[in-house]
Asker: 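Would you mind keeping the following structure in view while I ask a few things?
The model shown is predicted, which means the values in this text are computed figures rather than measured ones. Numbering starts at 1 and runs along the sequence shown. Atoms considered below: every heavy atom in the structure, side chains included; atoms not considered: hydrogens, waters and symmetry mates.
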Amino acid sequence: MAGTGVFCEIIDGEVYKYYSEGEWRKSSSGKSVSIVNPTTRKTEYRVQACTQEEVNEVMEAAKVAQKAWARTPLWKRAELLHRAAAILKEHKGPIAECLVKEIAKPAKDAISEVVRSGDLVSYTAEEGVRILGEGKFLVSDSFPGNDRNKYCLASKIPLGVVLAIPPFNYPVNLAVSKIGPALIAGNALVLKPPTQGAVAALHMVHCFHLAGFPKGLINCITGKGSEIGDFLTMHPGVNCISFTGGDTGIAISKKAGMIPLQMELGGKDACIVLEDADLDLAAANIVKGGFSYSGQRCTAVKVVLVIKSVADALVEKVKDKVEKLTVGPPEKDCDITPVVTESSANFIEGLVIDAKEKGATFCQEYRREGNLIWPLLLDHVRPDMRIAWEEPFGPVLPVLRINSVEEGIHHCNASNFGLQGSVFTRDINKAILISDAMETGTVQINSAPARGPDHFPFQGLKDSGIGSQGITNSINMMTKIKSTVINLPTSSYTMG
Ligand SMILES: NC(=O)C1=CN([C@@H]2O[C@H](COP(=O)(O)OP(=O)(O)OC[C@H]3O[C@@H](n4cnc5c(N)ncnc54)[C@H](OP(=O)(O)O)[C@@H]3O)[C@@H](O)[C@H]2O)C=CC1
Ligand SMILES: O=C(O)C(O)COP(=O)(O)O
């Protein structure tokens, strides 16, 4: 059970502690932030509302710990990460329990998130050993006018302190996807978990604590992003920010100093279905892509663009599958569970009402109880409706009927987002041309958008992000190149 057994030291009475200098502490603010269970809409947990002084302490501790960590052999860093991954998986039960209660993630998916996180950390350790264990050796005579008298040794060095800010929908997985790469590359880390999901994240941090990482190397500050966010992201002690979330990321990128930024933001992933598509395959992927975790994934299918001649058939197949989705509490492992907050449910409802007023066809009756919204397919959506462009982050999926592939590509590229897209066709040549034309970070051919497998590059264009994630890219992003040039008194040619 959460907060008990090996986790008993992370809680004080009713309030979870924050993690600083290798210890679980109570904030001197005397204030806490409540986490409301999306299903019961009652306070489930409380976390510390950390102060600016506590942020300063954590940054100072991280800076000191990083220096020693950078001198720790790479294989030892990897060994500790493997240990943390094993502990994380061993304690998947209580961590998943928090995900169910804090963010209403269906029970099975909650377990999968923790297991996937353990695997991610292990893979990161192995990949780090491979890619950080080698550098580049360059010689000068390949550039015009130079003799072979300079040898350049280029290697990857840590950045310093990485600030990691994940979103509510993957509070554990999108935290470790930042923590793992930061640590293997020799950085220290300050985590600011999302408020909804903070307790799951604190349990995950404790697994790193139990693995025996040095004091101060990993830290976790809790509190509302709107209150301590700016202080954290503009803190002079931060050398890199890795953020996943919504528009907040755009604001952060404008305020942050001259430091590397990794931003994974929103998406409006389009699914283009051509007349020659396997409609059963397309329908299955549209339902899985559009409705898993109730549509609260940045990579969810968020708009279907289907060629008119096959639209009736596709909509019918999707509708049949939507009607089979189970709706209810996450504890019962239902497909559709309550969305994360009441304000999120209100926002989704606003998009639905707008579509209704402008004449969209409702394939199901709209139904809502509290934060629970029944899955809804909206047909005959037109570009003048908000839902054609905005990201509901909920179980509501619009279908736009298109006359041509060009119209579909135009709609996709007119969006300010550019995360992923997908295309369904049996013609691989057409699929490649469409993929090239879509202004998105990834295009999936004959499958729904998805971030994983976690070692694949994952990036958004336009307002969907800066830089690229995926294990290898994140490790590289959290390092700098350092060159040492050996200047020889005379040119030297091997075997020359
Ligand atoms: N591209 C991707 O990989 C993903 C994108 N997303 C996008 O994220 C959005 C939903 O996630 P959500 O968690 O609500 O996103 P938010 O942008 O609201 O929050 C993300 C994180 O930022 C924190 N935060 C809030 N304000 C600040 C601030 N001023 N400074 C620093 N940090 C701050 C939040 O903390 P707190 O909770 O305390 O407010 C949370 O930890 C959707 O738009 C979705 O598309 C989500 C997942 C993945
Ligand atoms: O946070 C998200 O929504 C993602 O990064 C998507 O991850 P997924 O494709 O594995 O659900």
Side-chain angles (χ1 to χ4, degrees), residues 38-39 41 100 103-110 112 168-169 267-271 273 279-306 311-356 360-381 385-401 422 424 447-450:
T39 312
R41 294 192 287 155
V100 168
I103 59 163
K105 186 160 274 200
K108 263 195 211 144
D109 294 352
S112 308
F168 81 83
N169 63 344
K268 185 73 185 171
D269 295 6
C271 170
V273 184
L279 295 185
D280 289 311
L281 178 73
N285 276 276
I286 287 168
V287 173
K288 182 168 171 269
F291 295 97
S292 45
Y293 188 36
S294 307
Q296 298 174 110
R297 295 164 56 237
C298 59
T299 50
V301 172
K302 296 203 180 101
V303 58
V304 177
L305 303 164
V306 56
D312 283 344
L314 180 77
V315 167
E316 207 47 44
K317 286 176 191 290
V318 175
K319 199 176 142 191
D320 280 355
K321 290 182 188 300
V322 168
E323 270 146 28
K324 291 195 183 88
L325 295 172
T326 54
V327 183
E331 288 82 358
K332 288 197 177 158
D333 215 27
C334 292
D335 299 313
I336 304 295
T337 55
V339 297
V340 69
T341 56
E342 191 176 344
S343 65
S344 178
N346 292 343
F347 175 76
I348 297 163
E349 188 163 286
L351 294 179
V352 171
I353 291 169
D354 175 77
K356 190 174 186 93
T361 305
F362 280 50
C363 297
Q364 296 80 22
E365 206 181 321
Y366 173 65
R367 189 170 164 203
R368 170 181 172 188
E369 279 172 23
N371 293 2
L372 186 61
I373 294 178
W374 269 251
L376 180 62
L377 187 68
L378 297 173
D379 195 5
H380 299 287
V381 167
M385 299 176 190
R386 284 175 56 203
I387 195 140
W389 305 104
E390 295 180 39
E391 188 186 25
F393 234 60
V396 177
L397 182 59
V399 177
L400 270 81
R401 295 171 174 232
S422 57
F424 284 85
S447 188

Asker: Find out whether F393 and V339 are in side-chain contact, i.e. whether some heavy atom of one side chain is under 4.5 Å from a heavy atom of the other.
Answerer: no
Asker: Have a look at P38 and tell me which of S294, P329, P338 forms a side-chain contact (heavy atoms from CB on, under 4.5 Å) with it.
Answerer: P338
Asker: Under a 4.5 Å cut-off applied to non-hydrogen side-chain atoms, are V287 and V318 in contact?
Answerer: yes
Asker: Which heavy atom of I286 sits nearest a heavy atom of L397, and at what distance?
Answerer: CG2-CD2, 3.4 Å
Asker: What are the two closest heavy atoms between K321 and D280, and how far apart are they?
Answerer: CE-O, 4.4 Å
Asker: Could you check V340 against N371 for side chain to side chain contact (heavy atoms under 4.5 Å, CB included), going step by step and ending with a plain yes or no?
Answerer: CA-CA 7 Å; V340 69; N371 293 2; over 6 Å; no
Asker: Determine all donor-acceptor pairs shorter than 3.5 Å in which one atom belongs to a side chain in residues 373-380; sequence neighbours excluded.
Answerer:
| unit_1 | atom_1 | unit_2 | atom_2 | d |
| --- | --- | --- | --- | --- |
| D379 | OD1 | R401 | NE | 3.2 |
| D379 | OD2 | R401 | NH2 | 2.8 |

Asker: State, to 0.1 Å, how close F347 and E390 come at their nearest heavy-atom pair, and which atoms those are.
Answerer: CZ-OE1, 3.6 Å
Asker: Please round to the nearest 0.5 Å and tell me the distance separating atom CD of E349 and atom CG of D354.
Answerer: 12.5 Å
Asker: So which atom in A104 and which in T337 form the shortest heavy-atom distance, rounded to 0.1 Å?
Answerer: O-OG1, 2.8 Å
Asker: Indicate yes or no: at least one non-hydrogen side-chain atom of V322 is less than 4.5 angstrom from one of F291.
Answerer: yes
Asker: Do the non-hydrogen side-chain atoms of P392 and I387 ever get within less than 4.5 Å of each other?
Answerer: yes
Asker: Hey, could you give me the CG/SG distance between D269 and C298, rounded to the nearest 0.5 Å?
Answerer: 7.5 Å
Asker: Could you tell me whether the side chain of V381 reaches within less than 4.5 Å of the side chain of V304, counting heavy atoms only?
Answerer: no
Asker: Rounded to the nearest 0.5 Å, how far does OG1 of T299 lie from CG of N169?
Answerer: 8.5 Å
Asker: Hey, what do you get for NZ (K105) to OH (Y293), rounding to the nearest 0.5 Å?
Answerer: 5.5 Å
Asker: Do E316 and D312 pass the side chain to side chain contact (heavy atoms under 4.5 Å, CB included) test, and can you show the C-alpha distance, the side-chain angles, and the key distance before you say yes or no?
Answerer: CA-CA 6 Å; E316 207 47 44; D312 283 344; over 6 Å; no
Asker: Measure the CG-CG distance between L305 and L400 for me, rounded to the nearest 0.5 Å.
Answerer: 6.0 Å
Asker: Specify the closest pair of heavy atoms between P330 and T39, including all atoms of both residues, with the distance to one decimal.
Answerer: CD-OG1, 3.3 Å
Asker: Quick one: does V396's side chain get under 4.5 Å of L351's, heavy atoms only?
Answerer: no
Asker: Side chain to side chain contact (heavy atoms under 4.5 Å, CB included), that's the test. Do V315 and C363 meet it? Break it down for me.
Answerer: CA-CA 9 Å; V315 167; C363 297; 4.1 Å; yes
Asker: Which heavy atom of R297 sits nearest to which heavy atom of P449, and what is that distance?
Answerer: NH2-O, 3.6 Å
